Structures are given as C-alpha cells and as structure tokens.
Amino acid sequence: VSTEPDNGRGCAAYRDELALVALGTSSGRERAEILAHCEECAECAAELERLSVAADALLLVAPEATPPVGFASRVAEQMGAGRERHRVRTRVLAIAVAVTLLVGFGAGVLATRSSGHDNTFISARLTSATGTTGDVMLSRGPNAWLFMTLDDAPATGQVTCEVTLQNGRRIAVGHYVVRSGYGAWAVWLQMPATSIHRVDVIDRSGVVLASATFAA
Amino acid sequence: MVQSRTDDVSSHREDPTGADTASKVGRPWRGRDSGSLSDEALIAGMADRDERAGLAFVRRHQRRIFGIAFAIVNDRTVAEDVAQEAFLRVWRHAAVFDPRRSSVLTWTSRITRNLAIDALRLHRAFATDPNDVIWAGLMSEEATLDDRAVHADEITRAGAALRELPTEQRHALVRSTFYGQSAQEIADAEQIPLGTAKSRIRIGLDKVRDALAKEGS
C-alpha cells in the first residue's frame with residue numbers, strides 16, 4: 001500500500017479498512033471513505049482489487065455439498081413460473097391497450113365535437129416498503145379502467161384494491177389474489193381518472209401493502 | 001476498476017457506455033450441447049430466457065452454491081431456500097451481468113453469501129463455534145473440487161492459505177467472510193480490542209492474497 005498522504009491520512013491508515021471493504025463488512029460511511037480514497041490513489045485501488053479477489057477465492061473454499069434430490073428441476077420450474085408471470089403481465093397489458101383503443105374509438109366518436117380530448121393512460125408506480133413493486137394505469141375518459149400489475153410485491157393471498165378519491169372518499173373496487181408477490185388485474189371504475197388520488201393494495205388484516213399516488 | 005465484496009445483483013447495471021454485457025453477446029447456446037458451453041454463454045442464454053441454459057447452469061454449480069449456503073446457515077432446508085433464491089436472482093438479473101467485473105461463479109457466490117447472511121440474521125442463529133461441523137469442513141483438506149471448476153487452482157491455494165493461518169486470524173477471517181460479521185462483532189465475540197480484530201482480519205486476508213499472487217505468478 002502506498003504511503004502517499006491523502007486528505008491528511010496516509011495510505012497506511014487505510015490498510016485495515018481496505019480488507020473490511022473487500023470482505024463487505026465495513027459500514028457505509030467507512031466504505032464511502034475508502035472508495036473515495038481509491039478514486040484518487042491507484043495503489044490502494046489496486047490493493048483493494050487484489051484483496052477482493054482473495055476474498056472471493058476464500059468464499060469458494062466452502063466444501064461443495066449435494067443439494068436435495070430434484071433441486072435443479074425445482075429451480076428450473078421456478079424459472080419457468082417466472083416466465084409465466086411475465087406472460088400474464090404481458091397479457092394484462094395487452095388487454096389494457098385493447099381496451100384503450102376501444103374506449104378511445106368510442107370516445108372519439110362521441111367527442112368529435114369536443115376535439116382535443118386525450119384518451120390515453122395516466123400511470124403511477126406502486127411502491128411498498130421494499131421499493132417499487134408494480135404499476136397502476138388509469139384510462140382517461142369519463143369512465144376509467146384501472147389496470148394494476150404487482151411485481152415481487154411483499155404480499156401473497158387475497159388482497160383488496162382500494163381507491164381514494166380526490167375528495168377523500170375511499171372505495172374498495174375489488175378483491176384479488178396475489179401469488180408469491182405477483183398479480184395483475186383490471187377493473188372498470190365508472191368514474192373519471194382525474195377523480196382518483198391514490199390506489200392502495202391492502203391485505204386481509206387491513207395493512208396497506210403498496211400504494212400508487214396520482215397528481216391532482 | 002475498484003471492486004469490492006459488497007457487489008450484488010444491484011451493482012451489475014447495464015454499462016451506460018453501451019459496452020458488451022451478457023445480454024449482447026449473441027446466442028451461442030442455440031443448437032449446442034449446453035454442457036459444453038461456458039458460464040458466460042449460459043448467462044447469455046438465461047438473459048434470453050432460455051430455460052435450458054438456466055437448468056444447465058444450475059446443474060453445473062448446484063453443489064458449489066448449495067455448499068456455500070450450507071456452510072453459512074448450517075441447515076439443509078434453509079440452505080436449499082438460499083441456493084434456490086440465489087439461482088433465481090441470477091436468472092432474473094442475467095441481462096445485466098457484467099463479465100468484466102467478475103466471473104459468473106464469483107457473482108453467483110457473492111449473491112449466495114449475502115442471501116445466506118440475511119437468512120442467518122433473520123433466524124438469529126450464528127454458527128460460530130469453531131468446533132462445529134462447518135468449521136471442520138472449511139478446514140478439511142479433502143474438500144471436494146469439481147475437476148471442471150475454472151477456479152479450482154485458486155480455491156486450492158486459498159484453502160491452503162486459510163488452513164496455515166494462526167487460529168486467531170483464521171477465526172476472524174472466517175467470521176468476516178462467511179458470517180459477514182463486522183470487526184466490532186468479532187471483537188465482541190472474541191473479547192479483544194476492535195483494533196486487534198481489524199488487524200487479524202487484515203493480516204489473514206493479506207496472507208491469502210499473497211498465496212494467490214505467489215502461486216499465480
């Protein structure tokens with residue numbers, strides 16, 4: 001490790017911390033400080049690279065072990081199930097597009113005298129405690145369709161979809177089933193998209209699992 | 001490039017420069033025996049959602065990945081869950097794997113290690129008794145190695161270096177590597193000053209680094 005000084009601390013002062021960063025056990029602050037130093041110090045950066053290679057090799061020292069019978073097949077099935085979930089999501093989105101076109105066509109016919117009416121979706125991300133977990137789309141027009149997809153959401157089993165209107169009124173619009181965090185559904189709200197402030201996914205005990213908020 | 005142990009799926013983002021990543025390497029797995037393909041080719045297959053590539057990858061590395069998971073959690077049921085989730089994450093994020101940053105096996109191993117440590121913390125069950133079967137397995141010179149393993153030589157040398165460390169350095173390094181324990185946690189467990197814990201980890205890892213550099217040069 002170089003002994004060149006850096007921000008008042010010589011490289012020697014970073015020796016222990018370089019190892020901890022390589023092993024992934026330093027705190028966020030320490031890691032940030034070390035990486036910032038390595039941005040300016042090629043020798044320490046190279047040393048961190050070497051220590052990271054050593055840490056990786058060390059991890060592989062764990063003895064191999066035979067997993068339970070059928071393990072590979074079960075994992076492959078899950079990979080296939082993921083594809084199926086993707087297909088379901090794609091199907092729902094295709095339905096959404098088809099409905100939009102139909103609604104757009106109908107509204108277009110009805111609105112020929114009020115040109116400029118835009119029949120497209122407005123959308124918002126569904127977020128939960130674990131981050132973004134899906135999307136909600138609302139078709140514009142007097143009677144909105146709501147389309148929702150859940151991806152890797154922290155939920156499984158029956159959930160309730162509840163909308164909160166701009167005036168604060170809350171309406172449960174349907175009950176749906178989420179399988180291992182994945183689900184997709186559509187519902188005709190019979191109210192304009194602009195009247196909707198928020199959409200919540202709620203579990204059976206009343207806990208809000210995910211929410212999407214629309215601008216007023 | 002600076003690279004650290006905390007790499008996970010999240011750190012393998014697509015290169016904004018548009019440089020090659022696994023998803024852009026073509027489709028070499030098509031029409032070939034998947035057993036003869038490199039890990040990089042199988043990752044490219046997974047990025048293209050080819051389940052045969054996924055199955056071949058799992059079959060090739062299941063003993064290694066399950067072994068890492070089991071070494072950390074010391075429970076076959078939990079280890080199976082961890083290994084399965086690790087492979088599924090590789091499957092889901094295959095398109096953003098960057099072969100310039102690490103090998104496929106290294107990437108998968110890190111994911112497994114991080115998931116296993118999360119599982120340990122969830123169950124609050126740290127297997128840290130140096131006399132238990134896990135430590136014995138890590139210290140065994142008869143650890144099985146797949147002849148086809150790309151890293152076989154590296155693993156052998158790292159294992160030898162680990163076994164040659166003084167006990168206190170080995171304990172500190174294994175706690176850090178396999179159980180993700182911080183220097184403070186190790187200091188508390190071993191009842192030693194924090195500075196001593198850090199030094200033991202660093203000196204131990206330095207020796208493994210030296211062993212790899214010497215033999216590999």
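Everything numeric in this text was worked out from a predicted model, so none of it was measured. Letters A, B, ... are given to chains in the order of the sequence lines, protein chains preceding strands, and every chain is numbered from 1. Note that these values count all heavy atoms, side chains included, but never hydrogens, waters or copies made by symmetry.
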Check: R202(B) main-chain N/O paired with R15(A) side-chain donor or acceptor under 3.5 Å: no
Non-hydrogen side-chain atoms of I68(B) and L60(A) separated by less than 4.5 Å: yes
Which atoms of I65(B) approach chain A - backbone, side chain, both or neither, heavy atom under 4.5 Å: neither
Value rounded to 0.5 Å, distance of CZ in R209(B) from CD in E47(A): 4.5 Å
Inter-residue atom distance Q62(B).CD - E64(A).CD, 0.5 Å rounding: 10.0 Å
Interatomic spacing from OG in S182(B) to CG in L23(A) - rounded to 0.5 Å: 12.0 Å
Chain A contacts, top residue of F87(B), F66(B), F57(B) (heavy-atom pairs, under 4.5 Å): F66(B)
For chain B, the option from A76(A), S73(A), A72(A) that forms the most heavy-atom pairs under 4.5 Å: A72(A)
Residues E17(A) and K198(B) bridged, charged N to O under 4.0 Å: yes
From CA spacing to verdict: side-chain contact (heavy atoms from CB on, under 4.5 Å), V61(A), T177(B): CA-CA 11 Å; V61(A) 168; T177(B) 305; over 6 Å; no
Salt bridge (Lys or Arg N to Asp or Glu O under 4.0 Å) pairs, two or more places apart, involving residues 72-83 of chain B: R74(A)-E80(B)
From CG (D16(A)) to OG (S199(B)), nearest 0.5 Å: 4.5 Å
side-chain contact (heavy atoms from CB on, under 4.5 Å) between F71(A) and V58(B), intermediate numbers included: CA-CA 9 Å; F71(A) 173 77; V58(B) 175; 4.1 Å; yes
From CA spacing to verdict: side-chain contact (heavy atoms from CB on, under 4.5 Å), D56(A), S109(B): CA-CA 8 Å; D56(A) 287 337; S109(B) 300; over 6 Å; no
With sequence neighbours excluded, residues passing side-chain hydrogen bond (donor to acceptor under 3.5 Å, both in side chains) with E162(A): R170(A)
Closest heavy-atom pair and its distance - A55(A), L205(B): N-CD1, 4.0 Å
Reported CD-to-CD distance for the pair Q78(A) and E85(B), which is rounded to 0.5 angstrom: 9.0 Å
Gap between atom CZ of R63(B) and atom OG1 of T66(A) - 0.5 Å precision: 4.0 Å
Closest heavy-atom pair and its distance - A62(A), A71(B): CB-CB, 3.9 Å
Flag, side chain of R110(B) to backbone of L59(A), donor-acceptor distance under 3.5 Å: no
Least distance between heavy atoms, E154(B) atom then A57(A) atom: OE2-CB, 3.7 Å
